A.B. asks: 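One structure coming up, written as structure tokens, with questions to follow.
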Amino acid sequence: MKKLRKSLLAVVLLASVVLQACGSGGGSDNQGAVSEDGKGGGEKVKIKWATWGNPGELTRFQEFTKDFNSKHPDIEAELIPIPGEYDQKILTQLTGGTAPDVFYAGDGFVVKLIENKSIEEVTPRMTAADSRIKPEDYFEGLWGAAKRDGKIYGVPVDCNPMVLWYNKKVLKDAGITEMPADLQAKGEWTWDAFKGMVEKIRDSKKYGYVLDNSWNSYYSWVTSNGGKVYDDNGKFIGYDDPKAKEAFQFLYDNVKEKNITFAGTLPKGQGGDAMFMSNQVGFVGAGRWYLPLFKKNASLEYDVVTWPTNTGNKIEPAGIPTAFLVMNSASKHKDAAYTFYSEFLSAEGQKFRLQGGGNAVPSVQGVDDVVLEGNLPEHAQLFLDAREVGYSLTPFEAGIPGLSTDITSKFEALWLKNGELDASLKDIQDMANKKIDDYKNGK
């Protein structure tokens, strides 16, 4: 009888343990005594996040991850760098159920992820009373393709307003006495002023301006002329819009006159940045990502200026390359993931990542001082001015798989094959609108 009572007691105790375990929530963030939000004692909630990046960027990301983990003893975040074929690798991981909880997504990639429902809509979390980040904290022009029908699927991690970097020595050696940023301050930084400078640089046997094969370079010239590349209905109008066509004609004529050099025609193994640092190029178009590289060269004399205008206005909108942080909709640790997500994107997180001469500009309000620290370059304020009026890649283009690549491929052919501008622009417009229509019609 005693043995029977002991056996019954053991069964009761075992059942009690099972019921307590079932009553603890059973969520995957509830490992041991850990709650779903990663707070409380017990085993850590482990999350992974992924991004691309050069060695300098990845070092800073590792530092941020380490700092985050030290502040959250119940969460362990792990950085997974993906140096090449980023989009394809993430898609493969999503299909296989091994994708990180949080990861970077570029302009076009974020659209694909929204449409295949791979990423979480974060609007409800961001608008919650206790959220560390709010939609209104971020600059409106930066949402791009990450916001659809008022719903937010990704937040800009930071941004890179396009400006023109200029080599002071190259300009001075060409006989230029008044620097571009000084002209810009007086409202005299115009297309004519720019053309006059690149002509002088050409005559001094140097390269005036290196034109990169990218949407942000091409479209910045259009908008600096008051033109549009897309209309309000999402149609490509680069051929039909007179101001847009005038901008492309300006580029075309200056390439012909060798005032502007297409990047694809530079000497083999040479890029615009390297030739800029060797005092062979006057102007290159880029965001703040050149700063860590340029500041290592103590003898390099450089500064920045906003895009020259042809409208009579002191400044006009220019492109802003932007990447977004997104959350895996299949994550088993969404509360812990959002804790990391919101701290990475917060004012404090962006300051941590960008201070000390970082490679981007904050996308969030309140930490502009990181751009101005050290007065490097001298007119760093212009990065912030450009951010105020600039734009990320329109969803009209970003939302069509492969469209940006097809457009830049045709522009590349124009420059490399010495094509005819009118026919090339018409071809680009027809191709773009066909792809847009086919995509809308499910073809």
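Since this is a predicted model, take the numbers as computed values, not measurements. When reading the values below, keep in mind they use all heavy atoms of this one structure, side chains included, and skip hydrogens, waters and symmetry mates.
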A.B. asks: Please find the pair of heavy atoms, one from Ala105 and one from Leu113, that lie closest to each other, and give the distance.
C.D. replies: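 Nearest heavy atoms, Ala105 then Leu113: CB-CD1, 4.0 Å.
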A.B. asks: Given the rule in the ring-ring contact (aromatic ring centres under 6.0 Å, His included) test, do Phe294 and Phe276 qualify, once you have shown the distances and angles that lead to the verdict?
C.D. replies: CA-CA 9 Å; Phe294 289 172; Phe276 185 94; 4.8 Å; yes
A.B. asks: Under the 6.0 Å and 45° cation-pi test, does Lys245 pair with Tyr239?
C.D. replies: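 Flagged: Lys245 positioned over aromatic ring of Tyr239.
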A.B. asks: Got more than 12 heavy atoms from elsewhere within 6.0 Å of CD, Gln365?
C.D. replies: yes
A.B. asks: For atom NZ of Lys440, is the number of surrounding heavy atoms from other residues, nucleotides or ligands below 6.0 Å larger than 12?
C.D. replies: yes
A.B. asks: Kindly give the heavy-atom pair with the smallest separation between Ala77 and Asn69, and that separation in Å.
C.D. replies: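 For Ala77 and Asn69, the tightest heavy-atom pair comes out as N-OD1, 2.8 Å.
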A.B. asks: Looking at Lys172, Lys168, Lys169, which one forms a salt bridge (charged side-chain N to carboxylate O under 4.0 Å, His left out) with Glu301?
C.D. replies: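 Exactly one option meets the salt bridge (charged side-chain N to carboxylate O under 4.0 Å, His left out) with Glu301, and it is Lys172.
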A.B. asks: Does Asp232 have more than 12 heavy atoms from other residues, nucleotides or ligands lying within 6.0 Å of its CG?
C.D. replies: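 No, not enclosed.
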A.B. asks: Before giving the answer on side chain to side chain donor-acceptor pair (under 3.5 Å), spell out for Ser278 and Gln280 the whole-Å C-alpha distance, their side-chain angles and the decisive distance to 0.1 Å.
C.D. replies: CA-CA 6 Å; Ser278 62; Gln280 296 299 309; 4.9 Å; no
A.B. asks: Counting neighbours of NZ on Lys112 that are heavy atoms of other residues, nucleotides or ligands and sit closer than 6.0 Å, is the number greater than 12?
C.D. replies: no
A.B. asks: Between Phe64 and Phe61, does the ring centre distance come in under 6.0 Å?
C.D. replies: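 Centroid distance Phe64-Phe61: not below 6.0 Å, so no.
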A.B. asks: List the atom of Tyr138, the atom of Ile133, and the distance in Å for their closest heavy-atom pair.
C.D. replies: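 In this case the closest contact between Tyr138 and Ile133 is OH-CG2, 3.2 Å.
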A.B. asks: Measure the shortest side-chain to side-chain distance between Pro156 and Phe139 over non-hydrogen atoms and say whether it is less than 4.5 angstrom.
C.D. replies: no
A.B. asks: So Phe103 and Phe109, would you call those rings parallel, tilted or perpendicular, with 30° and 60° as cut-offs?
C.D. replies: tilted
A.B. asks: Distance-only, no hydrogens or angles: does the Arg387 side chain make a donor-acceptor pair with backbone N or O of Pro362 under 3.5 Å?
C.D. replies: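 Yes, the answer is positive, given that a donor and an acceptor are paired below the 3.5 Å cut-off.
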A.B. asks: How close do Leu211 and Ser217 get, counting heavy atoms only, and between which atoms?
C.D. replies: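 Leu211 and Ser217 have their closest heavy atoms at CD1-CB, 4.2 Å.
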A.B. asks: Would you please indicate yes or no on a ring centroid separation below 6.0 angstrom for Phe411 and Phe248?
C.D. replies: yes
A.B. asks: Looking only at the aromatic ring of each residue, does the gap between the centers of Phe194 and Tyr209 stay below 6.0 angstrom?
C.D. replies: yes
A.B. asks: Looking at side-chain heavy atoms only, is the closest gap between Glu78 and Lys46 below 4.5 Å?
C.D. replies: no
A.B. asks: Parallel, tilted or perpendicular for Tyr219 and Tyr230, by the 30°/60° rule?
C.D. replies: perpendicular
A.B. asks: Show, in sequence, the C-alpha distance, side-chain angles and deciding distance for Thr408 and Tyr218, and conclude whether the side chain to side chain donor-acceptor pair (under 3.5 Å) test is met.
C.D. replies: CA-CA 9 Å; Thr408 52; Tyr218 296 136; over 6 Å; no
A.B. asks: Using side-chain heavy atoms (C-beta onward) and a distance below 4.5 Å, is Val361 in contact with Asp368?
C.D. replies: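 In short, these two side chains do not touch, never coming nearer than 4.5 Å.
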A.B. asks: Test Gln429 against Asn433 for side chain to side chain donor-acceptor pair (under 3.5 Å), laying out the working first.
C.D. replies: CA-CA 6 Å; Gln429 178 167 292; Asn433 287 330; 5.1 Å; no
A.B. asks: So do the side chains of Asn310 and Glu246 get within less than 4.5 Å of each other, counting heavy atoms only?
C.D. replies: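 Touching, per the 4.5 Å side-chain cut-off.
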A.B. asks: Does the side chain of Asp303 reach to within under 4.5 Å of the side chain of Met179, using non-hydrogen atoms?
C.D. replies: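 A side-chain contact is absent here, since even the closest heavy-atom pair is not under 4.5 Å.
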A.B. asks: Counting only heavy atoms not in Lys434 (residues, nucleotides, ligands), do more than 12 fall under 6.0 Å from its NZ?
C.D. replies: no
A.B. asks: Consider side-chain hydrogen bond (donor to acceptor under 3.5 Å, both in side chains). Of Arg288, Glu57, Arg60, Arg353, which one does Asn359 pass it with?
C.D. replies: Glu57
A.B. asks: May I ask you to test the His379-Thr306 pair for a side-chain heavy-atom distance under 4.5 Å?
C.D. replies: no
A.B. asks: Indicate yes or no: at least one non-hydrogen side-chain atom of Asn160 is less than 4.5 angstrom from one of Phe383.
C.D. replies: no
A.B. asks: Would you say that Trp307 contacts Leu164 through its side chain, given a criterion of any heavy-atom pair below 4.5 Å between the two side chains?
C.D. replies: yes
A.B. asks: Search all heavy atoms of Pro377 against all heavy atoms of Trp165 and return the closest pair with its distance.
C.D. replies: CG-CZ3, 4.3 Å
A.B. asks: I'd like to know if the side chain of Asp231 and the backbone of Asn233 have a donor-acceptor N/O pair within less than 3.5 Å.
C.D. replies: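 Looks like yes, one N/O pair under 3.5 Å.
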A.B. asks: Before we go on, tell me: are the rings of Trp49 and Phe68 under 6.0 Å apart, centre to centre?
C.D. replies: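 Ring centroids of Trp49 and Phe68 are no less than 6.0 Å from each other.
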A.B. asks: Are any side-chain N or O atoms of Asn328 and backbone N or O atoms of Pro100, one a donor and one an acceptor, separated by less than 3.5 Å?
C.D. replies: yes
A.B. asks: Just wondering, are more than 12 heavy atoms of other shown residues or ligands nearer than 6.0 Å to NZ in Lys351?
C.D. replies: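 No, NZ of Lys351 has 12 or fewer neighbouring heavy atoms, counting only those of other groups under 6.0 Å.
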A.B. asks: Heavy-atom count around Lys66 NZ within 6.0 Å, excluding the residue itself: above 12?
C.D. replies: no
